[in-house]
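Every chain is numbered from 1 and lettered A, B, ... according to where its sequence line falls, protein lines coming before strand lines.
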Amino acid sequence: MSEQQLFKVTIDNITVEVPAGTTILQAARQVGGDVAPPAMCYYTPLEGSGGKCRTCLVEVSKGSEKDPRPMPKLVASCRTTVMDGMEVKNITSPRVKDARAGVVEFLLLNHPLDCPVCDQAGECHLQDLGYQHGSDGTRYEFKRRTFSKHNLGNYIQLHMTRCILCYRCVFTADQVTGKRVHGVLDRGDHAEIATYIEKSLDNDFIGNVIDVCPVGALTDKTFRFKNRVWFTKPVDAHCNCTKCSGKVTLWQRGNEVLRVTARKDEWGEIKKTDDGKTGWICNECRFERKNINDWIIEGPTKVSRQSVISANHYETIDKPQDTLVEVMGGRQPKMLMDIHAISDVNQPGVKLSELPGPATGKTFNKNNQQ
Amino acid sequence: MGRKLLLANDKVEGIRYYDVYRREGGYRSVEKALKSLTPDEVTEEVKKSGLRGRGGAGFPAGMKWSFLAKPEGVPRYLVVNADESEPGTFKDRYLMEFIPHLLIEGMIVSSYALGSNNSYIYIRGEYWWIVDILEQAINEAKNNGWLGNNILGTGYNLEIHVQRGAGAYICGEETALLESLEGKRGNPRIKPPFPAVKGLWGCPTVVNNVETISAVVPIINEGGDEYAKIGVGKSTGTKLISACGNINKPGVYEIDMTISVEEFIYSDEYCGGIKNGKRLKACIPGGSSVPILPANLLLKTAKGEQRMMNYEGLAEGGFATGTMMGSGGFIVLDEDQCVVKHTYTLARFYRHESCGQCSPCREGTGWMEKLLLRLEKGEGKTSDIDLLWDIQRKIEGNTICPLGDAAAWPVAAAIRHFRDEFEWHVTNAAEAQTRNYGLAHYADALEVVA
Ligand SMILES: Cc1cc2nc3c(=O)[nH]c(=O)nc-3n(C[C@H](O)[C@H](O)[C@H](O)COP(=O)(O)O)c2cc1C
Ligand code: SF4
Ligand code: SF4
Ligand code: FES
């Protein structure tokens, strides 16, 4: 085979080289950090996914070296491939920020915001998205859409009210289980994930729909209400499963295995196993093997997403570098981050004593902009 | 009187049937194309004609045909879009119901040009009786050697299939249509790839509107250059307009795009003026998706010139002061109509018809509908109007398919031009429940900006 052609693409002023055929989203993920657009529906292992949620919209300010014209509309970065010399604006584009704020508002419009009773809380991509790109209130003053809960077989619960219709579970059911037991019924804001419950769900791999669901619409009934995810400890483990790779993450409390999931990468996508295939796990590993003796432990899982879940496991925590150790008499700080580094509170421009009333977030933001 | 190309003999007794249609000169274009022109020459004629797609977007048909990929050994398809579900649009129905052979004839010539041996008509489910009419016409054509194998001894084979939709507006969007035709849920596809490269069953496909394909018949009969002489500028040939609303003579009219909007509304040849001696308040000239205009901007452009009934004329002034030709669904509102209620009705339609794939359209259409209903019922706030504006702005351009835009534009245009009527619904809530805002100043002469 001839050598893979490389394209240069510049995203938020950072240039990377990627093979032809790479999407803007994947190129941006190579850069990482804020430059990677949020993706709520695209899921690398699932062919055909993406393009629907519109959170990953970016501005193409230069089409390519050959045809430098900008693209008139914002494009879904997950489904647009790069061209050589393309220039993309993500967080450097006010248009993108504005549209994304709109998309977040739309996604949350009918969402129940029942995080306190939702099993997904703490590892929910919609929560993360809301924190990072949303506003602090809603302009929606109507009754939210609700559905009743459904049991999809003995192991999975569908809480349609929380669904964002990303179609990931539909693709999973279609591609992984080879049998489409999920589909979408009806249209528009009354569309729902439907499954002919009686007909199947006996497929060995259907449990993977739980892992791909970005929100708490599909949850593991064997884990329901057992614990908050951030109190559980993720541990990599494996077993000699005959159906799947057997490579999983156990979510433990003490020696108790509360939950078993596939292993996910920093984008929340199921990792590939050594043979290069997606590491989907079978129902037996996921739902039945809850005894620590079923597993060979490899060690703690490194979680690098910045959601609440990773509070115990930060890989890149912003720790105050020097003084603290001294202050603490030589002891290393354990769970601590520098609040000043992540908030705007420490603004020399704000003179608290001169304020007519108590300071609020607005005070600082206002001063920041000056 | 304008030239009639499509509806030249629609009133002839029995034109629906093959014998009469043939006697009136039908199927000449098939003889001409198959016997004396190569497929590329047919495409060339269509290019020369300047024919623009009649389904709404107005994309040049010949150009679309020339984009069709032609890989070896892969079938190509022509799919005729007869889903016609845009509120206010009923011209394709007229063509198919009364002159079905015109569409069949156009399809044979077009399929020949594109190299399609199996062509489809995707027709909206509610037109169930027209399915029978079309199938009868196909049978007649087949029995007379215009379809099937080795047509006219040229070696060209063609079958035409009719497929009924199930009543979803979104299945008129060409990629949703293809999904539906393949037996799947009618969700629009994410583009690229475009149908010209990967369409029906993954093969190169051209999707054209019923009227577009019918217009190929006169183009081949008269020649592309002759066709292009009718009309003005990039609005060549004739266009069917389905006129409805508060007019004396609702119906389907063929215009040659050289007349003014004023003439179209008030002339007895067309709409015959506003019904019951009322005054014109507003109009949506191209089907529910295009921007509504108040009477003054409809009849005259912002420059103070007569607004013409063609692609460029209606679009004059952009969205700020103009609108679009769209599909030719001409909806007229008289002084008794309420723009707020009307906008709500449209918003309800788009909320109901959104496929729900992408978040801005799925959620935004429902939100707009609720706000408009609240305003209409006199329970709204002034800030709702700004909120509506912001919502439509965040839907427009950010969705997979143009239904999002189609839902946003009517709301945007209504607020742009009728904002005081919306405000009146808030400030005079009780009164708004008992009477309409009326004509107000919407027909007043505008100050002409130089
Ligand atoms: C929501 C939606 C509905 C549409 N409905 C129709 C329709 O009913 N009939 C039609 O011809 N085109 C319809 N279109 C336009 C088609 O996508 C496509 O542009 C057209 O069939 C192309 O044909 P033309 O080039 O001959 O106009 C629709 C588009 C959208 C976005
Ligand atoms: S249930 Fe979850 S995975 Fe399925 S469409 Fe809804 S949000 Fe997506
Ligand atoms: S814009 Fe609306 S109709 Fe079109 S794909 Fe998106 S949700 Fe579906
Ligand atoms: S991730 Fe690209 S549109 Fe959803």
Which atom pairs, donor and acceptor, lie under 3.5 Å between side-chain atoms of residues 38-47 of chain A and protein residues at least two apart or in another chain?
residue : atom : partner  : partner atom : Å
A:Tyr42 : OH   : A:Gln26  : NE2          : 3.1
A:Tyr43 : OH   : A:Gly268 : O            : 3.3
A:Tyr43 : OH   : A:Ile270 : N            : 3.0
A:Thr44 : OG1  : A:Gln26  : NE2          : 3.3
A:Thr44 : OG1  : A:Glu269 : OE1          : 2.5
A:Thr44 : OG1  : A:Glu269 : OE2          : 3.0

- Could you check whether the rings of B:Phe59 and B:Phe67 sit parallel, tilted or perpendicular, using 30° and 60° as the cut-offs?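 Judged by the thresholds at 30° and 60°, the geometry between B:Phe59 and B:Phe67 is tilted.
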- Below 4.5 Å from any heavy atom of chain B, which atoms of A:Leu57 appear? Answer side chain, backbone, both or neither.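 The side chain, not the backbone.
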- Considering only heavy atoms, which portion of A:Asp98 lies under 4.5 Å from any heavy atom of chain B: side chain, backbone, both, or neither?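 The answer is both parts of A:Asp98.
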- Task: Select one option (side chain, backbone, both, neither) describing which atoms of B:Ser383 are under 4.5 Å from chain A's heavy atoms.
- Result: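 No part of it gets close to chain A.
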- Item | Segment of B:Lys381 engaging chain A (4.5 angstrom heavy-atom cut-off) |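 For B:Lys381, the contact with chain A is made by the side chain alone.
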- Task: Carefully, step by step, assess A:Glu105 and A:Ser135 under the rule side chain to side chain donor-acceptor pair (under 3.5 Å).
- Result: CA-CA 8 Å; A:Glu105 187 172 29; A:Ser135 57; 5.6 Å; no
- Item | Largest heavy-atom contact set with chain B, pairs under 4.5 Å, which of A:Ala99, A:Gly51, A:Cys166, A:Gly50 |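 Sorted descending by pairs with chain B, the first entry is A:Gly51.
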- Task: Specify which of A:Cys53, A:Ala101, A:Gly48, A:Ala191 makes the most heavy-atom pairs with chain B at under 4.5 Å.
- Result: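 Result: the option with the highest number of such pairs is A:Cys53.
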- Task: Evaluate whether atom NZ of A:Lys62 has more than 12 neighbouring non-hydrogen atoms of other residues, nucleotides or ligands under 6.0 angstrom away.
- Result: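 It does: A:Lys62 NZ has more than 12 such atoms within range.
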- Query: In this structure, are over 12 heavy atoms from other groups packed under 6.0 Å from B:Lys191 atom NZ?
  - Reply: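 Enclosed.
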- Specify which of B:Cys355, B:Pro360, B:Ala168, B:Ser354 makes the most heavy-atom pairs with chain A at under 4.5 Å.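 Maximum pair count with chain A is reached by B:Pro360.
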- Is the closest side-chain donor-acceptor distance between B:Asn81 and B:Glu174 under 3.5 Å?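 Their side chains do not contain a donor-acceptor pair, so the 3.5 Å distance test is not met.
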- Query: Side chains of B:Asp92 and B:Tyr127: is there a donor and an acceptor less than 3.5 Å apart?
  - Reply: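 Short answer, no.
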- Short question: side chain of B:Gln357, backbone of A:Gly188 - any donor-acceptor pair under 3.5 Å?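 No, the answer is negative, given that no donor and acceptor are paired below the 3.5 Å cut-off.
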- Do the side chain of A:Asp12 and the main chain of A:Ile91 share a donor and acceptor less than 3.5 angstrom apart?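 Here the side-chain-to-backbone pair exists.
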- Query: Which residues in residues 68-83 of chain A have a heavy atom less than 4.5 Å from any heavy atom of chain B?
  - Reply: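 A:Lys73, A:Leu74, A:Arg79, listed by number.
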